[in-house]
Amino acid sequence: MKKSFKYKLLNYQQANFDELYKADSIVQLTIHSCQEREFSGQYYGASDIVKKKISEERNNYINMMTLLAERVSNMMELNLLFEKETISEQNSNN
């Protein structure tokens, strides 16, 4: 592979990693916000039935966001492996 092509790949990979990092930050903030509201019992004066539904909904969001956080983390790890292999290949050709 040409050095210029590898350099472009690494730049794209870095930009991709940066976007994944930002997405991970948003997911983590959302999880934290849902957990904070759930743990503090913020139900805005709702009835018991509504409180239960709100709690279930928040827990579903927390669970979905946790699954998403795991996927984003896996993608970040794969990007780092890609970068490591590309740099290793580039260094071996030098």
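Source: prediction; values computed, not measured.
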Could you work out the complete set of other residues in the hydrophobic cluster of [X], with links drawn between I, L, V, M, F, W and Y side chains under 4.5 Å apart?
X: Tyr12; value: none
X: Leu10; value: Ile87
X: Tyr61; value: Met64

Side-chain heavy atoms of Glu70 within contact of Leu67, under 4.5 Å =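 Sidechains of Leu67 and Glu70: in contact.
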Is the number of heavy atoms from other residues, nucleotides or ligands within 6.0 Å of NZ (Lys52) greater than 12?
->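 No.
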Show me, pair by pair, the donor-acceptor contacts under 3.5 angstrom made by side chains of residues 75-86, not counting sequence neighbours?
unit_1	atom_1	unit_2	atom_2	d
Asn79	OD1	Asn16	ND2	3.3
Thr86	OG1	Phe82	O	2.8

With a cut-off of 3.5 Å and sequence neighbours excluded, list every side-chain donor-acceptor pair involving residues 25-38.
unit_1	atom_1	unit_2	atom_2	d
Ser25	OG	Tyr21	O	3.1
Thr30	OG1	Ile26	O	2.8
His32	NE2	Glu36	OE1	3.2
Ser33	OG	Arg37	NH1	2.7
Arg37	NE	Tyr44	OH	3.4
Glu38	OE1	Tyr43	OH	3.4
Glu38	OE2	Tyr43	OH	3.1
Glu38	OE2	Ser55	OG	2.5

May I ask you to decide if Asn59's main-chain N or O and Asn63's side chain share a donor-acceptor pair within less than 3.5 Å?
->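 Checked: pair present.
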Do any N or O atoms from the side chain of Thr66 and from the backbone of Ile62 form a donor-acceptor pair under 3.5 angstrom?
->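 Between the backbone of Ile62 and the side chain of Thr66 there is a qualifying donor-acceptor contact (under 3.5 Å).
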Salt bridge (charged side-chain N to carboxylate O under 4.0 Å, His left out) partners of Lys22, counting only residues at least two apart |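 Lys22: salt bridge (charged side-chain N to carboxylate O under 4.0 Å, His left out) contacts with Glu19.
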Sequence neighbours excluded, which residues qualify as side chain to side chain donor-acceptor pair (under 3.5 Å) partners of Asp18?
->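 Partners of Asp18 by the side chain to side chain donor-acceptor pair (under 3.5 Å) criterion, ordered by chain and then number, come out as Gln14.
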Those residues that, when tested against Ser47, pass side-chain contact (heavy atoms from CB on, under 4.5 Å) (two or more places apart) |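 By the side-chain contact (heavy atoms from CB on, under 4.5 Å) rule, Ser47 matches Ile49, Val50.
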